Protein chains: 2
Amino acid sequence: MTPAHFEDLRSQLSFPDSLVFRVTSEYEKYFSDATTYSGKPAAILFARVKEDVQAAVKFCQKNKIPLVPRGAGTGLSGGCVASSDSLLLSTELINHIIVNKPTATAIVGPGAITKTLQDEAAKVGLTYPPDPASFRESTLGGNVAEGAGGLRCRRFGVTKDYVLGLEAVLADGSLLRTGVLGNGSGFGLEDLLQASEGTLGIITEIAFRLIPIPTRGATILVAFDHPTKAAQTVADITAQGIIPTVLEFLDGDAAACSNEYEKNEGLDDAAAILLLETAGQDTTKEIVQIREICERNRCNYLRGETDPERAESLWNVRRNLSKAIKASAAIRISEDVAVPNTQFPVLVDFVAKMNLASPLRINAFGHAGDGNLHVNFLSSSGSETDKELIEQGILTLMKKTVELGGTLTGEHGIGLAKRAYLPLEFDPATLRAMRGIKQVFDPFNILNPGKLLPK
Amino acid sequence: MTPAHFEDLRSQLSFPDSLVFRVTSEYEKYFSDATTYSGKPAAILFARVKEDVQAAVKFCQKNKIPLVPRGAGTGLSGGCVASSDSLLLSTELINHIIVNKPTATAIVGPGAITKTLQDEAAKVGLTYPPDPASFRESTLGGNVAEGAGGLRCRRFGVTKDYVLGLEAVLADGSLLRTGVLGNGSGFGLEDLLQASEGTLGIITEIAFRLIPIPTRGATILVAFDHPTKAAQTVADITAQGIIPTVLEFLDGDAAACSNEYEKNEGLDDAAAILLLETAGQDTTKEIVQIREICERNRCNYLRGETDPERAESLWNVRRNLSKAIKASAAIRISEDVAVPNTQFPVLVDFVAKMNLASPLRINAFGHAGDGNLHVNFLSSSGSETDKELIEQGILTLMKKTVELGGTLTGEHGIGLAKRAYLPLEFDPATLRAMRGIKQVFDPFNILNPGKLLPK
């Protein structure tokens with residue numbers, strides 16, 4: 001974008017110059033998300049109100065300029081990475097949170113932080129259960145746009161299960177308001193916009209359903225000397241019909257990364273770790289059952305805590321795991337495939353074999369209860385050869401996932417990272433339908449073009 | 001459809017003649033749903049497997065014949081009523097139910113009955129919470145296609161909150177399979193098909209999320225000598241942050257209909273009735289709070305039961321209410337508007353005033369916790385004048401509902417009954433988007449044409 005064009009942009013946008021920035025290195029954090037993808041947009045716009053978003057979209061529609069919406073940039077699929085011919089639109093400043101106790105609902109701006117909503121809801125005895133690992137920084141607009149999940153989703157459902165309604169700016173600048181009551185009229189457009197990654201509209205307000213805070217149960221940390229024992233334990237727990245709030249799995253290498261980063265005690269030789277949390281009326285019974293199952297599967301470490309503070313300490317093994325793994329190699333590509341959870345042990349075993357057969361380090365952790373496995377491809381050298389091996393590894397993983405009846409992404413979105421693989425999961429008819437919908441919503445392809453849908 | 005055409009149909013469909021019927025009076029129940037709309041289709045097809053549905057759709061696509069899918073025909077918006085130029089496709093026979101305890105999920109055919117799924121799930125300690133009043137007869141395919149709610153939805157969410165994935169036959173006969181894991185890739189097409197009333201595709205299989213059976217609390221039946229006291233009680237209960245599983249409201253006339261039909265005791269002079277159910281860990285505390293609130297609002301009848309059998313008996317007042325009201329007049333038109341539940345008392349009051357000002361009988365009952373009010377327009381004579389008054393009354397109700405930030409239908413769908421009112425709720429941009437989506441999915445407009453979208 002030329003300086004003249006940039007000034008033209010300023011003049012055409014209804015929002016103040018102070019919110020339109022020519023891109024310089026000081027905005028570096030806006031060039032990428034949590035992946036290795038990066039791009040330098042022509043300008044960065046900070047919307048403060050929905051009218052700002054409408055103005056930006058109208059400007060881009062008129063001038064056929066790609067517009068890339070961005071929340072906190074914690075995404076893991078390159079969804080908010082903007083190329084140099086695009087404008088980046090940050091919704092961080094639209095971050096109001098209005099919790100309504102009588103209706104057990106919340107109205108929030110897309111820039112509101114996930115944890116802030118949880119804190120506000122807690123003040124009136126309510127909670128917003130979805131908890132992506134990045135919930136301390138991630139925005140709710142980003143959570144909805146990317147179809148975020150979280151650690152407690154097996155029991156409580158994912159982000160979309162709490163969306164009662166959405167307001168979004170469409171490509172022509174008009175405002176879509178839909179489904180405020182969660183079961184309203186017409187097609188479920190609020191649902192269609194879920195996980196559409198900013199390609200159909202830009203979310204400007206969200207109505208969430210909240211629930212009473214569940215009774216806290218126990219947090220249980222278990223280690224095994226072999227992954228199969230952990231996988232069997234997961235299978236046994238679910239076979240008993242126990243639905244823990246949290247059921248996290250770490251393989252040996254992921255555990256080692258966590259130990260290195262957090263200096264965990266007693267887990268040095270763990271070949272697999274499970275982190276569980278129980279909640280609800282059956283919690284006491286469940287704790288006993290879980291302990292029995294773990295011991296039957298010969299765990300070599302088990303610690304359970306019911307005291308909130310001490311329970312919190314058990315979370316160290318998981319909390320910064322993603323950072324810990326990233327820190328352990330020159331290149332780290334993270335995938336978040338998901339399979340029906342009966343297939344989870346099969347997938348874990350498959351990844352372990354991939355790791356043994358590959359010169360790369362390939363480790364895995366994830367939401368075992370959900371069948372959602374985060375697989376990390378790690379290269380210490382960062383060489384071109386390794387990059388190629390990673391590409392091949394990802395394709396192998398994707399094919400196996402689909403073969404197991406799974407999906408390419410459990411909660412991270414498709415973005416740039418996985419669009420090429422979409423045809424593995426969806427037949428041509430389904431892809432045609434998706435392209436048709438994109439055409440209806442964004443005829444000039446200005447809303448986050450090049451994301452989600454394959455070329 | 002001519003006899004020749006009919007034989008041609010037989011010959012072109014891959015499924016046996018025994019499943020293709022020329023329409024005669026013996027099929028009368030297939031001419032309508034639970035509304036007064038009716039139509040006599042050219043033929044009735046009974047699909048046994050998804051391939052039957054594909055064959056029927058392909059035939060209709062090729063010959064440009066409208067195809068109307070039908071479940072149990074318990075719908076309340078004319079969604080499955082077929083005109084004489086259409087084929088009616090019943091999915092009743094595709095009714096398999098496979099409950100998977102370890103994954104707490106169920107795979108069902110669209111013809112499976114809601115209650116049957118609840119019974120099957122209960123056998124392994126799980127439940128499917130959504131419970132439309134017709135749950136004993138209604139099919140799950142119909143529940144999903146119409147966006148059904150139910151009495152316990154305020155606490156547990158509506159039908160769509162339990163759909164993990166869908167299989168549907170598209171207009172070109174291809175099979176769409178999507179979202180089996182609930183948070184999969186791409187646009188949420190499984191969500192888009194929710195409440196699309198058979199206009200985008202015909203559902204052939206559904207994957208549902210199940211939950212552990214919640215601890216049963218108390219069932220509480222309360223009567224008041226004035227509706228305002230009941231409305232205030234509802235407001236006070238929600239203001240305390242109590243979220244009952246069930247919070248049903250009946251106005252005086254609805255209560256009288258129930259008394260007439262069920263011979264309820266002690267409710268003769270009730271000007272308003274509330275039926276509540278509690279569940280979950282706080283149930284004992286909640287029962288005390290609810291009783292206090294009811295007494296503070298000077299209820300003149302209160303009965304609470306925790307024993308399942310005796311609690312069940314309190315349900316008589318509500319169970320056959322719809323039939324009771326229908327039996328009380330020559331014509332009964334039922335609407336199911338919904339408003340943010342803070343506006344529920346306003347709407348109840350508005351309907352009461354409408355009733356006073358109208359020569360018609362207008363009564364109301366509904367899911368107070370949900371803000372979902374079923375308003376009945378009743379005519380004893382069934383005269384043309386009354387029919388016109390009903391039309392006017394509905395329009396007035398719809399306008400007020402939208403003014404209160406509500407929606408035309410909480411759970412019954414748009415179908416034929418409300419399509420004309422859709423522009424009251426949605427702006428042109430949103431309607432354009434809906435029409436565009438219909439065009440993408442059904443370019444020849446053969447899937448349940450004339451339903452949902454306005455002319």
Side-chain angles (χ1 to χ4, degrees), chain A residues 101-104 124-126 147 149 157-158 160-161 170 172 174 176 178 180-189 191-192 194-196 209 212 215 238-239 241 243 280-282 338 340-342 371 405-411 414 418 422 425-427 429-430 433-434 436-437 440-441 452, chain B residues 101-104 124-126 147 149 157-158 160-161 170 172 174 176 178 180-189 191-192 194-196 209 212 215 238-239 241 243 280-282 338 340-342 371 405-411 414 418 422 425-427 429-430 433-434 436-437 440-441 452:
Chain A
K101 180 180 175 182
T103 57
V124 295
L126 296 169
V158 295
K160 73 172 182 180
D161 297 323
L170 300 177
D172 63 1
S174 62
L176 174 77
T178 172
V180 173
L181 295 175
N183 49 352
S185 317
F187 300 147
L189 298 185
D191 301 306
L192 178 62
Q194 312 277 357
S196 67
R209 178 168 69 98
T215 36
T238 46
I243 307 179
Q281 68 247 21
D282 297 333
N341 58 8
T342 43
T407 179
L408 305 181
T409 172
E411 57 185 10
I414 297 295
K418 291 161 210 145
L422 219 54
E425 182 174 346
F426 295 104
D427 54 46
T430 307
M434 290 186 190
I437 289 168
V440 167
F441 276 80
L452 203 161
Chain B
K101 180 180 175 182
T103 57
V124 295
L126 297 169
V158 295
K160 74 172 183 180
D161 298 323
L170 299 178
D172 62 0
S174 61
L176 174 77
T178 172
V180 175
L181 295 177
N183 49 353
S185 316
F187 300 147
L189 298 185
D191 300 307
L192 178 63
Q194 313 278 355
S196 67
R209 177 168 71 96
T215 37
T238 47
I243 306 179
Q281 69 248 21
D282 297 333
N341 58 7
T342 43
T407 179
L408 305 182
T409 173
E411 57 186 10
I414 297 296
K418 290 160 212 147
L422 218 54
E425 181 174 347
F426 294 104
D427 55 46
T430 307
M434 290 186 189
I437 289 167
V440 166
F441 277 80
L452 204 160

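Computed over heavy atoms, backbone and side chain alike; hydrogens, waters and symmetry mates excluded. Computed from a predicted structure; not experimentally measured. Chain identifiers are assigned alphabetically (A, B, ...) following the order of the sequence lines, protein sequences preceding nucleic acid strands; residue numbering begins at 1 within each chain.
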Enquirer: So which part of A:Ile437 gets closer than 4.5 Å to some heavy atom of chain B, the side chain, the backbone, both or neither?
Expert: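 Both parts, backbone and side chain.
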Enquirer: Atom CZ in B:Phe187, atom OG1 in A:Thr430: separation rounded to 0.5 Å?
Expert: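 Separation between the atoms: 12.5 Å.
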Enquirer: Pick one of side chain, backbone, both or neither for A:Leu192, based on which atoms fall under 4.5 Å of a heavy atom in chain B.
Expert: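 Both backbone and side chain.
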Enquirer: Considering non-hydrogen atoms only, spot the tightest contact between B:Ile243 and A:Ala104 and give its length.
Expert: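 For B:Ile243 versus A:Ala104, the nearest heavy atoms are CD1-CB, 3.6 Å.
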Enquirer: Counting heavy-atom pairs closer than 4.5 Å to chain B, which one of A:Leu189, A:Leu126, A:Val124 comes out on top?
Expert: A:Leu189
Enquirer: Got a sec, which residues hit side-chain hydrogen bond (donor to acceptor under 3.5 Å, both in side chains) with B:Asp172, two or more places apart in sequence or on another chain?
Expert: A:Arg432, B:Ser174
Enquirer: Please tell me if the side chains of B:Leu452 and B:Leu422 come closer than 4.5 Å, counting only heavy atoms from C-beta onward.
Expert: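 Contact flag for B:Leu452/B:Leu422 side chains = yes.
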